[in-house]
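What follows is a short report on a single structure.
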Amino acid sequence: MAVIAETDVKKDARNRITLPASEVAFEHYHVLVHDDGHIELHPRVLTSPTISVRTLAMIDDAMANVVAGIAGKPVDPDPLLALLGEE
C-alpha cells in the first residue's frame with residue numbers, strides 16, 4: 001500500500017487524537033492499540049440491520065406463546081458446558 005498522506009497528531013487533554021478530516025476517507029474505523037504503542041485504524045462501513053417481515057412475525061408469535069404460558073421444557077446447559085470444558 002502506498003502512503004497518500006502523512007501528518008503528526010498530539011493527544012489532547014482528554015487523551016483523544018484528531019485526524020485531519022480532509023485525509024480521512026471513511027466515517028467509522030475499528031481501532032487496534034498495541035502494547036508497543038502503535039495504533040491501527042481499519043475502515044468500517046456500517047450497515048443498517050434489516051429484519052424480514054417473516055422473522056418479525058415469528059418473533060411476535062414466539063412472544064405471544066411466552067405470554068400465554070406455552071413453552072418447551074427447560075434446556076439443561078451442563079452437557080454443553082462439559083463439551084466446552086467450563087463445568
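The residues of the chain are indexed from 1 along the displayed sequence.
- Atom CD1 of Ile51 has 12 or fewer neighbouring heavy atoms from other residues, nucleotides or ligands inside a 6.0 Å radius.
- Contact record, Val9 with Thr18: CG1-O, 3.3 Å, taken as the closest heavy-atom pair.
- Applying the side-chain hydrogen bond (donor to acceptor under 3.5 Å, both in side chains) definition to pairs two or more places apart or across chains, none involves residues 24-33.
- For residues 4-14, the set of pairs meeting the salt bridge (charged side-chain N to carboxylate O under 4.0 Å, His left out) definition, not counting sequence neighbours, comprises Asp12-Arg16.
- Of the inter-residue distances, the one linking Asp60 atom CG with Asn65 atom CG reads 11.0 Å to the nearest 0.5 angstrom.
- Atom CG of Leu41 sits about 6.0 Å away from atom CG of Leu19, to the nearest 0.5 Å.
- No hydrogens or angles considered: nothing links the side chains of Asp36 and His34 as a donor-acceptor pair under 3.5 Å.
- Atoms CG and CG, on Asp78 and Leu83 in that order, are 11.0 Å from each other to the nearest 0.5 Å.
- Follow the hydrophobic side-chain contacts under 4.5 Å out from Phe26 and you reach Val31 in the same cluster.
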